[in-house]
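In each ligand, atom 1 is the first atom listed, and ligand 1 is the first ligand listed. These figures come from a predicted structure and were not determined experimentally. Nothing fancy with the numbering, it's 1 onward along the sequence.
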Amino acid sequence: MILVLNSGSSSVKYQLIDLDGPARVVVGGKVERIGEHGSPVPDHEAALRIVAHEVSLDSPELTAIGHRVVHGGPLFTGPVLITDDVVKHIAEAIPLAPLHNPANLAGIEITRRLRPDLPQVAVFDTAFHSTIPPAARTYAIDREIAERDGVRRYGFHGTSTAYVSRLAAELVGRPGTANAIVLHLGNGASASAVSAGRCVDTSMGMTPLEGLVMGTRSGDIDPAVIFVLIRSGMSPDEVEAMLYRNSGLQGLCGDNDMRTVIARVEAGDPDAVLAYDVYCHRLRKYIGAYCAVLGRVDVIAFTGGVGENSPLVRQNVLSGLQPLGIRLDPVRNTFASGSRLISAADSAVAVAVIPTDEELEIALETSAVVARTKPQ
Ligand SMILES: Nc1ncnc2c1ncn2[C@@H]1O[C@H](COP(=O)(O)OP(=O)(O)O)[C@@H](O)[C@H]1O
Ligand SMILES: CC(=O)OP(=O)(O)O
Ligand SMILES: [Mg+2]
């Protein structure tokens with residue numbers, strides 16, 4: 001049985017998965033709204049204490065522990081067995097994922113301390129994106145400086161994007177060959193273009209700050225804004241904290257949780273309406289961009305807390321894209337569960353909702369790494 005820990009920026013998800021026979025979740029749960037105002041869970045440490053209480057970490061049936069690690073740095077392009085050296089590299093990437101790698105490391109430290117007898121595996125968000133070609137990976141800045149400091153697009157949400165693009169391709173009857181746009185909309189949010197199972201572009205960059213508007217992160221801004229703010233008296237640390245923690249929906253309307261933002265939109269609150277419109281506009285822009293990157297799009301797949309649960313966001317984001325062959329079916333695009341098509345029968349591009357399962361993907365990769373590294 002494998003324990004999986006998945007720390008996101010606003011949640012810790014955990015599952016005990018039995019992989020003997022068809023995969024079966026024995027225990028699973030989610031601690032969410034971490035750090036939101038009024039939330040009983042102030043930080044990831046507190047969330048991990050709740051998780052440790054819920055799962056029997058001392059169970060003799062546990063065979064391995066798999067950890068989601070958001071930034072793998074330049075070294076890791078696939079999952080690895082966790083050693084002191086691996087922990088050191090994950091720690092070195094903290095400045096490149098300050099909302100995530102510390103939480104991922106906290107989980108690793110707790111489980112290594114409590115179960116030093118078990119193999120532990122790190123599964124990186126960055127791994128699936130290591131195939132992104134140079135034209136999409138390279139920032140147009142001084143090449144020597146970029147190479148010296150490893151400045152390039154890494155991309156994140158890779159475990160989710162790999163899983164969702166695979167299922168979306170199967171759903172439209174093109175397993176392994178489909179061109180897909182995956183929209184992972186959680187508290188963090190990203191768009192990716194995937195062609196025949198390989199990622200060819202993604203909206204997040206060297207850090208999970210670039211791209212779409214997120215719960216508390218700005219996504220794309222003019223980089224010169226940073227210099228304007230520093231020259232007007234903010235320190236680099238203050239600017240960084242603002243862009244990661246007090247921007248996006250939170251910065252625009254004071255709430256990062258899409259459920260609350262939508263409730264305020266429905267009540268006609270103008271700040272929430274602006275935040276929501278900025279969010280949808282950015283997303284629509286990336287969909288157009290990735291249609292151009294892929295040339296032919298077979299399927300657009302929505303996933304993550306917002307993508308899976310908000311018919312309103314899906315409808316608003318895709319409205320006006322009929323000239324690109326994208327048409328939603330308003331009845332299919334309602335609340336429902338499971339992987340499903342929500343496009344109209346005459347839509348040239350299929351649109352799907354695919355609930356992500358990072359935990360299952362991490363369990364499978366963990367089990368494969370453990371099998372590979374077992375002494376014969
Ligand atoms: N029914 C819903 N309608 C709109 N948004 C929702 C709904 N359910 C969850 N969400 C949103 O999903 C986001 C969290 O997504 P999730 O993928 O769990 O986050 P994380 O990035 O922490 O992994 C929150 O903004 C939450 O408001
Ligand atoms: C990379 C990232 O932003 O992850 P999450 O959406 O889980 O915060
Ligand atoms: Mg997440």
Legend entry - Side-chain cluster (under 4.5 Å, hydrophobic types only) that F124 belongs to, other residues: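 In the cluster with F124 are V69, L75, F76, V80, I82, V86, V87, I90, I94, L105, I108.
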Which atoms of ligand 1 sit under 4.0 Å from any heavy atom of [X]?
{"X": "K13", "answer": "16 (P), 17 (O), 18 (O), 23 (O)"}
{"X": "S11", "answer": "20 (P), 22 (O), 23 (O)"}
{"X": "M258", "answer": "5 (N), 25 (O), 27 (O)"}
{"X": "S10", "answer": "19 (O), 20 (P), 22 (O)"}

Inset, instruction - Flag yes if more than 12 heavy atoms outside R296 fall under 6.0 Å of its CZ atom; otherwise flag no. - result: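 Enclosed: over 12 neighbouring heavy atoms sit under 6.0 Å from CZ of R296.
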Legend entry - Exceeds 12 heavy-atom contacts within 6.0 angstrom, atom CZ of R198: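 At most 12 heavy atoms, drawn from other residues, nucleotides or ligands, come within 6.0 Å of this atom.
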Is there a side-chain contact between [X] and [Y] (heavy atoms, below 4.5 Å)?
{"X": "E54", "Y": "V27", "value": "no"}
{"X": "S190", "Y": "F156", "value": "no"}
{"X": "Q120", "Y": "R112", "value": "yes"}
{"X": "D257", "Y": "E36", "value": "yes"}
{"X": "S339", "Y": "P355", "value": "yes"}
{"X": "R284", "Y": "S319", "value": "yes"}
{"X": "F128", "Y": "V194", "value": "yes"}

Inset, instruction - Report the part of E32 (side chain from C-beta onward, or backbone N, CA, C, O) that has a heavy atom under 4.0 Å from ligand 1; answer both or neither where that applies. - result: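 No part of E32 is near ligand 1 at this cut-off.
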Legend entry - Region of K30 engaging ligand 1 - heavy atom pairs below 4.0 Å: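 Just the side chain.
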Inset, instruction - Using heavy-atom distances, let me know which of K13, H184, R217 sits nearest atom 3 (O) of ligand 2. - result: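 The residue whose heavy atom sits nearest atom 3 (O) of ligand 2 is R217.
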Legend entry - H129 ring center near Y154 ring center (under 6.0 Å):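 No, ring centres 6.0 Å or more apart.
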Give me the nearest non-hydrogen protein atom to [atom] as residue plus atom name, then the distance to 0.1 Å.
{"atom": "atom 2 (C) of ligand 1", "answer": "N309 CB, 3.4 Å"}
{"atom": "atom 11 (C) of ligand 1", "answer": "V306 CG2, 3.7 Å"}
{"atom": "atom 6 (C) of ligand 1", "answer": "R259 CG, 3.5 Å"}
{"atom": "atom 26 (C) of ligand 1", "answer": "D257 OD1, 3.5 Å"}
{"atom": "atom 21 (O) of ligand 1", "answer": "N187 N, 2.9 Å"}

I'd like to check whether [X] has a polar contact with ligand 2, where a contact means an N/O of the residue lying under 3.5 Å from an N/O of the ligand.
{"X": "H100", "value": "yes"}
{"X": "S9", "value": "yes"}
{"X": "G186", "value": "no"}
{"X": "H157", "value": "yes"}
{"X": "N187", "value": "no"}

Inset, instruction - Please verify whether a non-hydrogen atom of G188 lies at under 4.0 Å from ligand 1. - result: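 Yes, that is the case, since the closest heavy atom of the residue is under 4.0 Å from the ligand.
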Per-atom contacts of ligand 2 with [X], taking only distances under 4.0 Å to non-hydrogen atoms:
{"X": "M204", "value": "3 (O)"}
{"X": "F156", "value": "1 (C)"}
{"X": "D125", "value": "1 (C)"}

Inset, instruction - First locate atom CG of L321, then atom SG of C291, and finally report the distance between them rounded to the nearest 0.5 Å. - result: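 So the CG of L321 and the SG of C291 are separated by 7.5 Å.
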Inset, instruction - Could you say whether the N/O atoms of G305 and ligand 1 ever approach to under 3.5 Å? - result: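 The answer is yes, given that G305 and ligand 1 share an N or O pair closer than 3.5 Å.
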Legend entry - Backbone or side-chain N or O of S310 under 3.5 Å from ligand 1 N or O: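 No: no nitrogen or oxygen of S310 is under 3.5 Å from one in ligand 1.
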Legend entry - Shared hydrophobic cluster, I326 / I342 (ILVMFWY, side-chain heavy atoms < 4.5 Å):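 Yes.
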Inset, instruction - Only one of V273, V265, D271 passes side chain to side chain contact (heavy atoms under 4.5 Å, CB included) with D269; say which it is. - result: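 Checked V273, V265, D271 against D269; only one passes side chain to side chain contact (heavy atoms under 4.5 Å, CB included): D271.
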Legend entry - Name of the residue among E365, E358, E359 meeting side chain to side chain contact (heavy atoms under 4.5 Å, CB included) with E361: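 Considering E365, E358, E359, a side chain to side chain contact (heavy atoms under 4.5 Å, CB included) with E361 is found only for E365.
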Classify the contact between [X] and ligand 2 as side chain, backbone, both or neither, using a heavy-atom distance cut-off of under 4.0 Å.
{"X": "R68", "answer": "side chain"}
{"X": "L99", "answer": "neither"}
{"X": "H71", "answer": "neither"}

Legend entry - Exercise: identify the closest heavy-atom pair between C199 and S192: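 Of all heavy-atom pairs spanning C199 and S192, the closest is SG-CB, 4.2 Å.
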Inset, instruction - Determine, using heavy atoms of M214 and all atoms of ligand 2, whether some pair is separated by less than 4.0 Å. - result: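 Checking ligand 2 against M214, which is what was asked, there is no heavy-atom contact under 4.0 Å.
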